[in-house]
Amino acid sequence: MSALFRSVPKLAIVVPCYNEEEIFPYCLRELTVILADMMKDGLIQAGSFILFVDDGSKDATWKLIQKAVSDSSCVQGLKLSRNEGHQSALLAGLSSICKMVDAVVSIDADLQDDINAIRSMVKAYRSGYDVVYGVRENRQADTWFKRTSALSFYRFMSKMGIEQVHNHADFRLLSQRALEALLLYPEHNVYIRGLVPMVGFASTEVFYVRHARTAGESKYPLRKMLALALEGITSLTVFPLRFISALGACICIFAFFAIIYVFFMKFSGNTVHGWSSIVLAIFFMGGVQMLSLGIIGEYIGKIYLETKKRPRYHVESFIRNESHD
Ligand code: UDP
Ligand code: MG
């Protein structure tokens, strides 16, 4: 796909922000420059813009976004009424501009992802790709713990049949039709990077080196990382339930042979009265049952929440600079 199939796109860069006042000025400056450069080089249309989504920040992030919107027609702002989490904030931003643009790039506010890769993404879009994944070439900037846990998580997910691009987070380009398709998934428990491959269309990867955060601290503490991992698994696969069924079947087969063995021992007069083995068996079965119930409960909880059809988020305001139009 090297020929140019598509005309110059109107592009939106969507940036979820949660308590990012420290890094926001840097982020705004860098993204504005790259946007202007891409317009100058004829890579994207003049009306392209950056959309900052304030995910219920408690610091001055929204004030900074408002100021940026009043200073430039290239900047738009969306404020959620409360903190809904990265995935929901990103979806809110994506769905609010879906009809306005030809393509959209999502990127984190800390710009750990290399913004120059956006150029390559747009070029890939123009040569016909609908989904362009930003993939980290290495994760040296991350802590050892983050690197190892992320790698084990990808491996674990792929063992369970969840298709996912390795070392890709939420830095990607989507064409308008890919985005429209993504927004057709109505579920509330979302793990976007697991949903995008389900959307289909032609996809490719763009590689870049990931840097460390230049200011502020990670908004993804261990607690949120684990929650995201759990969300990814329980929203995309019923593998754990099947695993439990398989485990149950194996235990039943084992028990069947054990019973035969016990009867055999009894009738041959070699019965052993073992208190500890009985207690062990009770504990073991109790443990397995508890684990099973816990996982089944997790899914029932999801069904419960999905059937409520709660809104994913509430937009408090949506601002753009009319005076520059
Ligand atoms: N973020 C958000 N809502 C949250 C947590 C994070 O919108 O509840 C945003 C955050 O502002 C950043 C992106 O999600 O733009 C990724 O967060 P961060 O860089 O802290 O995650 P890490 O790179 O450490 O995984
Ligand atoms: Mg980050």
Side-chain angles (χ1 to χ4, degrees), residues 12-31 50-65 68 75-97 104-115 117-118 134-154 164-172 188-193 208-232 312-316:
I13 302 177
V14 176
V15 193
C17 305
Y18 178 57
N19 293 343
E20 298 286 11
E21 63 179 7
E22 281 168 89
I23 203 129
F24 185 82
Y26 165 76
C27 176
L28 175 67
R29 200 168 53 237
E30 295 288 310
L31 287 180
I50 309 161
L51 172 71
F52 289 103
V53 182
D54 176 26
D55 184 18
S57 296
K58 289 169 188 68
D59 64 0
T61 303
W62 180 239
K63 281 211 169 67
L64 294 171
I65 295 174
V75 181
Q76 301 192 12
L78 183 76
K79 178 173 165 44
L80 302 190
S81 58
R82 50 171 283 212
N83 180 237
E84 298 284 1
H86 178 209
Q87 302 287 291
S88 293
L90 185 53
L91 270 181
L94 293 176
S95 55
S96 65
I97 48 108
V104 55
V105 167
S106 50
I107 189 167
D108 291 350
D110 53 14
L111 301 190
Q112 283 185 276
D113 307 308
D114 183 5
I115 54 172
I118 298 176
V135 177
R136 294 166 218 173
E137 249 175 285
N138 66 51
R139 301 183 63 128
Q140 296 314 321
D142 283 347
T143 59
W144 175 86
F145 177 73
K146 193 145 193 163
R147 268 204 316 269
T148 323
S149 57
L151 188 68
S152 331
F153 180 57
Y154 289 135
Q164 215 180 160
V165 178
H166 280 215
N167 283 333
H168 158 73
D170 284 305
F171 181 33
R172 75 175 75 79
H188 291 218
N189 305 114
V190 276
Y191 181 67
I192 301 175
R193 65 195 92 149
Y208 67 95
V209 177
R210 195 170 201 241
H211 311 291
R213 236 178 201 271
T214 48
E217 53 190 38
S218 173
K219 308 298 177 297
Y220 261 103
L222 185 62
R223 179 178 54 81
K224 279 194 181 175
M225 258 168 65
L226 290 176
L228 183 70
L230 198 65
E231 196 80 330
R312 211 181 266 145
Y313 52 81
H314 303 282
V315 173
E316 196 172 293

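Whatever order the structure lists them in is the order used to number ligands and atoms, beginning at 1. Since the model is a prediction, treat every value here as computed from it, not as a measurement. Below, all heavy atoms of this structure are taken into account, side chains as well, without hydrogens, waters or symmetry copies.
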Are [X] and [Y] packed together at the side-chain level, in the sense that at least one heavy-atom pair is separated by less than 4.5 angstrom?
X: Val135; Y: His166; answer: no
X: Ile23; Y: Leu111; answer: no
X: Phe52; Y: Gln76; answer: no
X: Leu31; Y: Val75; answer: no
X: Leu64; Y: Glu20; answer: no
X: Arg172; Y: Val105; answer: no
X: Phe171; Y: Asp114; answer: no
X: Asn167; Y: Arg210; answer: no

Those residues that, when tested against Phe153, pass ring pair (Phe, Tyr, Trp, His ring centres under 6.0 Å) (two or more places apart)
none

Considering heavy atoms of the protein only, find what lies nearest to [atom] and give residue, atom and distance to 0.1 Å.
atom: atom 19 (O) of ligand 1; answer: Asp110 OD2, 2.5 Å
atom: atom 24 (O) of ligand 1; answer: Ser218 OG, 2.4 Å
atom: atom 20 (O) of ligand 1; answer: Lys219 N, 2.4 Å
atom: atom 1 (N) of ligand 1; answer: Tyr18 CB, 3.7 Å
atom: atom 25 (O) of ligand 1; answer: Lys146 NZ, 2.9 Å
atom: atom 18 (P) of ligand 1; answer: Arg213 NH2, 3.5 Å
atom: atom 21 (O) of ligand 1; answer: Tyr220 CD1, 3.2 Å
atom: atom 23 (O) of ligand 1; answer: Gln112 OE1, 2.9 Å

Check the surroundings of atom NZ in Lys63: do more than 12 heavy atoms from other residues, nucleotides or ligands lie under 6.0 Å from it?
no

Atoms of ligand 1 less than 4.0 Å from Glu20 heavy atoms?
10 (C), 11 (O), 12 (C), 15 (O)

Run the numbers for me: atoms of ligand 1, each under 4.0 Å from some heavy atom of Arg210, listed by number.
23 (O)

Would you tell me which option among Thr61, Leu80, Asp55 has the nearest heavy-atom contact to atom 3 (N) of ligand 1?
Asp55

Can you tell me if Asn19 uses its side chain to pair, donor with acceptor, with the backbone of Ser57 under 3.5 Å?
no

Test side-chain contact (heavy atoms from CB on, under 4.5 Å) applied to Glu231 - qualifying residues, sequence neighbours left out:
Asn189, Lys302

Qualifying residues under side-chain hydrogen bond (donor to acceptor under 3.5 Å, both in side chains), relative to Thr61, sequence neighbours excluded
Asp59

Provide the closest heavy-atom pair for His168 versus Gly134 in the form atom of the first, atom of the second, distance.
ND1-O, 3.0 Å

Please confirm whether Pro16 comes within less than 3.5 Å of ligand 1 when only nitrogen or oxygen atoms on both sides are compared.
yes

Give a yes/no verdict on whether any heavy atom in Gln87 is under 4.0 Å from an atom of ligand 1.
no

Sub-4.0 Å heavy-atom contact, Lys224 with ligand 1
yes

For the Mg ion (ligand 2), how many protein N, O or S atoms come closer than 2.8 Å?
2

Classify the contact between Asn83 and ligand 1 as side chain, backbone, both or neither, using a heavy-atom distance cut-off of under 4.0 Å.
side chain

Using a 4.0 Å heavy-atom cut-off, say whether Glu84 meets ligand 1 through its side chain, its backbone, both or neither.
neither

